[in-house]
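If you're wondering where the values come from, they're calculated on a predicted model, not measured in any experiment.
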Amino acid sequence: MIVVGGGATGVGVAIDAASRGYDVLLVEQSDFGKGTSSRSTKLAHGGVRYLEQGNIGLVMEALKERGLLLQNAPHLVHDLRFVVPNYDWWETPFYGLGLKLYQLLAGKYGFGTSRILSKEETLAHLPTLKTEGLRGGAVYYDGQFDDARLLIHMVATAFEHGAILLNYVKVTELTKDAQGFVDGVNAHDVETGGEFRASAKVVINATGAFSDLLRLKAEPNAEKIIAPSQGIHLVFDLSFLQGDSAIMVPHTADGRVLFAIPWHGHTLVGTTDTPIASATLEPVAMEQEIEFILATAGQYLTKAPRRDDVLSVFAGIRPLVGTAGASSGVSSTASLSRDHVINIDRSGLVTICGGKWTTYRHMAEDCVDQAATLAQLPESPCVTHHLHIHGYCAAAMEGAAKELSSLAVYGSDAGEIRKLIENDPALGQPLHSALPYVKAEVVWAVRREMARTIEDTLARRTRALFLNARVALAMAPAVADLMALEFGWDNLTREKQLSAFREVASNYILHPSRNLPGR
Ligand SMILES: Cc1cc2nc3c(=O)[nH]c(=O)nc-3n(C[C@H](O)[C@H](O)[C@H](O)COP(=O)(O)OP(=O)(O)OC[C@H]3O[C@@H](n4cnc5c(N)ncnc54)[C@H](O)[C@@H]3O)c2cc1C
């Protein structure tokens with residue numbers, strides 16, 4: 001099988017197929033997770049909102065997958081307490097009941113008991129919540145994870161089961177046999193400029209928001225199925241959200257859910273749901289999205305966040321599946337289904353899109369079942385229900401991973417990174433005092449995690465760019481020095497790398513005084 005796209009969906013498919021014993025090649029045009037999969041809210045969740053929409057099937061599927069994810073990657077997924085603050089009399093019984101149902105639907109995969117909170121209890125969990133008009137709250141539990149870190153460990157898992165995964169290789173054309181069935185790809189090596197062809201019994205299109213582009217290469221008359229929708233997040237320091245819980249606002253002015261979540265020692269607030277005409281690889285937050293999140297967060301937090309409090313802003317694109325030709329003329333994507341879709345074109349190209357990060361494993365199982373049937377491969381059952389993700393560390397289940405401090409996200413690899421530091425104590429130095437990352441993580445990213453650029457290291461091997469863009473910029477020269485040593489970059493390459501990173505990083509910085517139209 002050839003899988004096109006190295007996000008959660010594609011890498012999930014590669015793991016599923018390789019662990020069944022199929023031969024798999026995955027190609028990603030940029031870095032693994034460069035698309036939407038590093039830009040999510042980072043919740044392994046059933047989706048309380050879909051419960052309200054009556055999509056019980058999706059909620060139950062996602063709750064089960066949330067539970068399996070915790071079992072298979074306990075070093076990266078943990079439970080988190082969410083509080084829904086109530087300011088109207090009807091909200092407490094309404095959300096109390098709904099969240100009880102949410103807990104019950106999880107069955108044996110439950111994360112914790114939902115219950116109603118008094119005003120005092122609500123404030124004990126969320127001391128920085130606005131008290132004016134507050135009546136109480138409702139508490140429930142969901143999962144939280146680090147999306148790009150999980151993806152990198154999924155890439156390693158796929159390798160360990162025999163798949164070959166390449167970043168910086170773009171599929172430019174699909175090749176067809178004499179009957180017109182897709183039988184391979186032409187691909188372009190983005191680093192060397194080289195071209196090559198690879199053939200397969202089946203090609204799987206897991207290109208997320210870009211899915212229609214590849215479908216049109218297979219069938220120029222194919223109807224579009226993707227309705228891309230942009231969502232942004234703002235990152236602040238932890239003082240905005242003190243306490244031990246996240247806030248979930250079930251109904252914002254535009255009918256969406258808004259979260260304020262503690263993440264890696266910062267506060268993550270999002271998200272929006274803005275229909276856009278087409279997807280880009282480095283989407284940029286729009287002014288109205290930024291203003292909306294600042295205003296909504298200000299309604300709930302004692303310290304209303306301002307533009308100059310924003311440490312980082314990032315945008316991602318949901319690959320939602322709409323009706324035919326959906327991307328044109330859609331005014332709201334908030335109500336479009338988050339179910340996944342598997343589409344098989346007449347040419348035999350298998351497209352898997354939609355869904356959620358949380359449900360990637362189930363999506364992959366469905367997709368490989370269908371692809372294997374289509375390609376008439378020998379039957380082989382899915383084995384991913386209890387397949388450990390690379391870095392799996394049983395101690396993390398008992399919370400012992402906290403002892404590994406900031407290296408905890410590496411799971412069983414943390415010991416290897418510590419060995420690097422033992423051998424060369426200079427690698428134990430922090431890259432910046434504002435973030436916990438040390439130099440050894442850069443060396444590890446290059447040697448073991450296929451980081452190729454400064455951006456790969458600062459955005460997706462560490463999360464520096466997403467946590468604090470200015471600090472990430474300050475870290476970049478030291479990262480460039482370390483990567484130059486590892487790769488043997490000359491000075492020109494080092495400078496090119498730095499300037500490419502500065503350009504990308506400028507999208508994550510919110511300039512307080514500049515009002516950029518159309519941003
Ligand atoms: C704002 C936001 C918040 C979200 N929050 C959550 C959440 O909290 N929990 C949750 O479960 N889900 C969440 N989601 C949904 C989830 O992030 C996505 O469903 C998931 O990441 C999609 O993954 P993907 O692999 O399909 O797409 P992507 O991650 O975009 O991957 C597709 C990849 O294909 C590559 N590609 C494209 N064309 C080519 C080509 N020609 N050759 C090679 N490679 C190519 C791209 O470079 C890209 O990396 C959120 C989404 C958004 C936008």
Side-chain angles (χ1 to χ4, degrees), residues 3 5-19 24 26 28 31-40 42-44 65-78 143-167 206 263-264 356-361 363-364 383-397 400-402 404-418 420 437 440-452 456-464 466:
V3 184
T9 307
V11 178
V13 169
I15 294 176
D16 186 296
S19 59
V24 180
L26 179 146
E28 161 57 49
D31 184 28
F32 303 117
K34 169 73 179 180
T36 307
S37 297
S38 60
R39 303 160 183 274
S40 77
K42 294 111 181 57
L43 297 180
E65 291 303 321
R66 181 189 75 168
L68 293 179
L69 199 52
L70 176 68
Q71 282 173 19
N72 294 329
H75 57 302
L76 286 172
V77 183
H78 64 91
Q144 183 183 34
F145 68 113
D146 181 329
D147 49 10
R149 173 55 36 204
L150 176 59
L151 187 71
I152 298 303
H153 281 184
M154 284 166 53
V155 169
T157 310
F159 267 113
E160 283 157 10
H161 286 89
I164 295 172
L165 298 91
L166 304 173
N167 50 1
W263 188 60
H264 287 323
K356 292 148 61 71
W357 231 121
T358 311
T359 54
Y360 85 83
R361 193 212 59 80
M363 292 166 67
V383 296
T384 55
H385 286 80
H386 303 292
L387 189 84
H388 291 170
I389 298 296
H390 177 91
Y392 174 90
C393 167
M397 278 287 201
K402 290 202 174 71
L404 300 171
S405 68
S406 62
L407 295 185
V409 290
Y410 292 94
S412 58
D413 285 343
E416 298 290 312
I417 299 174
R418 267 194 256 102
L420 287 177
Y437 304 116
E441 292 176 74
V442 180
V443 174
W444 180 259
V446 170
R447 290 187 194 166
R448 301 293 290 273
E449 295 185 337
M450 295 174 76
R452 307 291 302 169
D456 298 348
T457 303
L458 285 171
R460 291 171 294 276
R461 304 306 182 283
T462 70
R463 304 313 308 272
F466 284 73

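- In this structure, the side chain of N72 engages the main chain of H385 through a donor-acceptor pair within 3.5 Å.
- Using modelled atom types, no side-chain atom of S412 and backbone atom of C393 make a donor-acceptor pair closer than 3.5 Å.
- H386 places a side-chain heavy atom less than 4.5 Å from the side chain of L68.
- Within the model, atoms CD of E441 and CD1 of I417 stand 6.0 Å from one another, a figure rounded to the nearest 0.5 Å.
- The structure places CH2 of W263 at 11.0 Å from CG of L43, a figure rounded to the nearest 0.5 Å.
- For Y410 and E416, the side-chain atoms include no donor-acceptor pair closer than 3.5 Å.
- Taking CZ of R361 as the start and CE of M154 as the end, the distance is 11.0 Å to the nearest 0.5 Å.
- Scanning both residues, E28 and G7, for their nearest heavy atoms gives OE1-N, 4.3 Å.
- In terms of heavy-atom proximity, L76 sits nearest to L150 at CD1-CA, 3.5 Å.
- In this structure a side-chain-to-backbone donor-acceptor pair under 3.5 Å is present from N167 to M450.
- For the atom pair CD (E65) and OH (Y360), the distance works out to 8.0 Å, reported to the nearest 0.5 Å.
- Rounded to the nearest 0.5 Å, atoms CD1 (I389) and CG (L151) are 10.0 Å apart.
- Residues S38 and R460 bring no donor and acceptor atom of their side chains to less than 3.5 Å of each other.
- No donor-acceptor pair under 3.5 Å is formed between the side chain of T384 and the backbone N or O of D16.
- F145 and W357 have their aromatic ring centers within a separation under 6.0 angstrom.
- Counting all heavy atoms, side chain and backbone alike, V77 lies closest to A44 at CG1-CB, 4.4 Å.
- The nearest pair of heavy atoms linking A206 to T9 is CB-CG2, 4.1 Å.
- In this structure, F159 and I164 approach most closely via the heavy-atom pair CE2-CA, 4.2 Å.
- Judged by distance alone, the side chain of Y437 and the main-chain N or O of R463 form a donor-acceptor pair under 3.5 Å.
- A side chain to side chain contact (heavy atoms under 4.5 Å, CB included) with D456 holds for exactly one of D31, I152, V446; it is D31.
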*asked:* Under the criterion side chain to side chain contact (heavy atoms under 4.5 Å, CB included), I'd like the reasoning laid out for H75 against H390: C-alpha separation, chi angles, the key distance, then a yes or no.
replied: CA-CA 10 Å; H75 57 302; H390 177 91; over 6 Å; no
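- For K42 (side chain) and S40 (main-chain N/O), a donor-acceptor pair under 3.5 Å exists by modelled atom type.
- Residues L165 and A158 come closest through the heavy atom pair CD1-CB, 3.7 Å.
- With rounding to the nearest 0.5 Å, the separation of NZ in K356 from CZ in R66 is 10.5 Å.
- Under the 4.5 Å side-chain criterion, counting only non-hydrogen atoms from C-beta, H153 is not in contact with V409.
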